[in-house]
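Note sheet for the following structure.
Side chains are part of it too, since the values below use all heavy atoms of this structure and drop only hydrogens, waters and symmetry mates.
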Amino acid sequence: MSKRIKDYYALIRSFHIYFGLFISPFIIIFGISVLAFNHVRFLNQINPVQFLHEIRTKLDDIPYDTTDLGTAKAIIRKLNINGEIDYITKNDDQISFPVNKPGLKTRVFVNTNTDSVVIARQMEGPVRAMNYLHSMPGQHNAGIRGNSLFMKIWRLMADAVVYLLIFLILSGIYLWYFLEFERRTGLYILILGMLFFAGLLYLIF
């Protein structure tokens, strides 16, 4: 191995190690949330959702003459509620919407005739909070997705984790290539992984 290649090897190895350590908390979140998605019944047994008491109040000067999202944002500001507004339901008499934070789900119901408000809340626990973080950076309800600051930041972080994972895979292949005593074994494992993945695709499709 030439001196230049050795320098590149040492640099990529350092990036591989430290980037892997940096994103490890995010990988743990994604991993635990996948287990929770797969074992909902068990999760409900060990950590049931806690429903909190409803809150009833009344607001003044709610701006109904703007967009639905603008109205919902104005309502939660008046109620001093923070979180990501999800889908909004509206008819002639009511506007309602969930406001989500990891581990806490709030549902706001507003009577548009009287401006009376009902707030229903449920504590979902840390594991469901991971589920929420796992599933939110997606295209579901994309028209209003990212209306809270923490979700905008989380989406950027989720993108960064994906890019770093791709880097870890490519840098891992690069580092493996220069370990001559591991080349044959690594090649067999790589081929086995590709065959296993192809088999899964065959079963799915």
Side-chain angles (χ1 to χ4, degrees), residues 22-64 66-91 94-112 114-165:
F22 176 75
I23 68 172
S24 58
F26 303 96
I27 302 303
I28 290 173
I29 288 175
F30 293 149
I32 293 176
S33 61
V34 168
L35 293 176
F37 280 129
N38 283 338
H39 304 282
V40 175
R41 183 176 300 177
F42 178 70
L43 176 61
N44 291 337
Q45 290 176 348
I46 64 172
N47 186 23
V49 174
Q50 298 180 17
F51 294 91
L52 306 180
H53 293 295
E54 286 187 352
I55 298 174
R56 295 178 180 270
T57 186
K58 190 172 182 178
L59 297 177
D60 297 320
D61 301 323
I62 299 175
Y64 296 116
T66 182
T67 63
D68 292 348
L69 181 59
T71 300
K73 284 185 174 181
I75 291 170
I76 65 172
R77 280 197 299 268
K78 289 176 177 290
L79 294 172
N80 197 27
I81 295 175
N82 297 315
E84 174 82 358
I85 298 170
D86 211 331
Y87 59 91
I88 300 170
T89 303
K90 186 178 181 181
N91 55 38
Q94 180 177 269
I95 180 171
S96 64
F97 50 88
V99 183
N100 298 322
K101 293 176 66 175
L104 175 64
K105 182 176 291 184
T106 303
R107 182 85 191 187
V108 179
F109 303 87
V110 180
N111 187 311
T112 55
T114 63
D115 290 346
S116 60
V117 182
V118 177
I119 304 170
R121 298 170 299 159
Q122 59 188 59
M123 296 293 297
E124 299 193 320
V127 177
R128 291 185 185 84
M130 295 182 190
N131 287 10
Y132 175 76
L133 291 173
H134 186 128
S135 61
M136 279 302 283
Q139 290 303 308
H140 173 65
N141 206 17
I144 66 171
R145 181 69 69 242
N147 56 75
S148 61
L149 178 60
F150 85 87
M151 187 50 58
K152 292 177 182 178
I153 295 173
W154 178 253
R155 291 176 70 176
L156 292 174
M157 293 170 66
D159 280 348
V161 169
V162 172
Y163 298 142
L164 289 176
L165 274 174

Which atoms form the tightest heavy-atom contact between [X] and [Y], and what is the distance?
| X | Y | value |
| --- | --- | --- |
| Asp68 | Ile95 | O-CD1, 4.3 Å |
| Ser148 | Gly83 | CB-O, 3.4 Å |
| Pro48 | Ile46 | CD-C, 3.8 Å |
| Phe22 | Leu164 | CD2-CD1, 4.1 Å |

Is any side-chain heavy atom of [X] less than 4.5 Å from a side-chain heavy atom of [Y]?
| X | Y | result |
| --- | --- | --- |
| Asn100 | Met151 | no |
| Gln94 | Asn111 | no |
| Leu79 | Val99 | no |
| Ile76 | Phe97 | yes |
| Ile81 | Ile119 | yes |

Evaluate the criterion side-chain contact (heavy atoms from CB on, under 4.5 Å) for residue pair Thr112 and Lys90; output intermediate values, then yes/no.
-> CA-CA 9 Å; Thr112 55; Lys90 186 178 181 181; 5.5 Å; no

Is the backbone N or O of Thr106 less than 3.5 Å from a side-chain atom of Lys101, with the two atoms forming a donor-acceptor pair by type?
-> no

When you look at Val110 and Ile62, which way does the side-chain contact (heavy atoms from CB on, under 4.5 Å) test go after all the steps?
-> CA-CA 10 Å; Val110 180; Ile62 299 175; 3.9 Å; yes

Working to the nearest 0.5 Å, report the span between [atom1] of [X] and [atom2] of [Y].
| X | Y | atom1 | atom2 | value |
| --- | --- | --- | --- | --- |
| Asp86 | Asn147 | CG | CG | 8.5 Å |
| His134 | Ile32 | NE2 | CD1 | 12.5 Å |
| Leu165 | Ile27 | CG | CD1 | 4.0 Å |
| Ile23 | Ile28 | CD1 | CD1 | 11.0 Å |
| Phe30 | Phe37 | CZ | CZ | 10.5 Å |
| Lys152 | Glu84 | NZ | CD | 9.0 Å |

Is there a side-chain hydrogen bond (donor to acceptor under 3.5 Å, both in side chains) between Ser96 and Arg107 once you walk through the steps?
-> CA-CA 7 Å; Ser96 64; Arg107 182 85 191 187; 3.2 Å; yes

Which side-chain N or O atoms in residues 122-129 pair as donor and acceptor under 3.5 Å with protein atoms at least two apart or in another chain?
from: Gln122; atom 1: NE2; to: Glu124; atom 2: OE2; distance (Å): 3.0
from: Arg128; atom 1: NH1; to: Asn47; atom 2: O; distance (Å): 2.7
from: Arg128; atom 1: NH1; to: Glu124; atom 2: O; distance (Å): 2.9
from: Arg128; atom 1: NH2; to: Asn44; atom 2: OD1; distance (Å): 2.7
from: Arg128; atom 1: NH2; to: Asn47; atom 2: O; distance (Å): 3.0

For the [atom1] atom on [X], are there more than 12 heavy atoms of other groups (residues, nucleotides or ligands in this structure) within a distance under 6.0 Å?
| X | atom1 | result |
| --- | --- | --- |
| Tyr64 | OH | yes |
| Phe150 | CZ | yes |
| Asp61 | CG | no |

Sort and list the pairs that fulfil ring pair (Phe, Tyr, Trp, His ring centres under 6.0 Å) and have at least one residue in residues 114-133, not counting sequence neighbours.
-> none

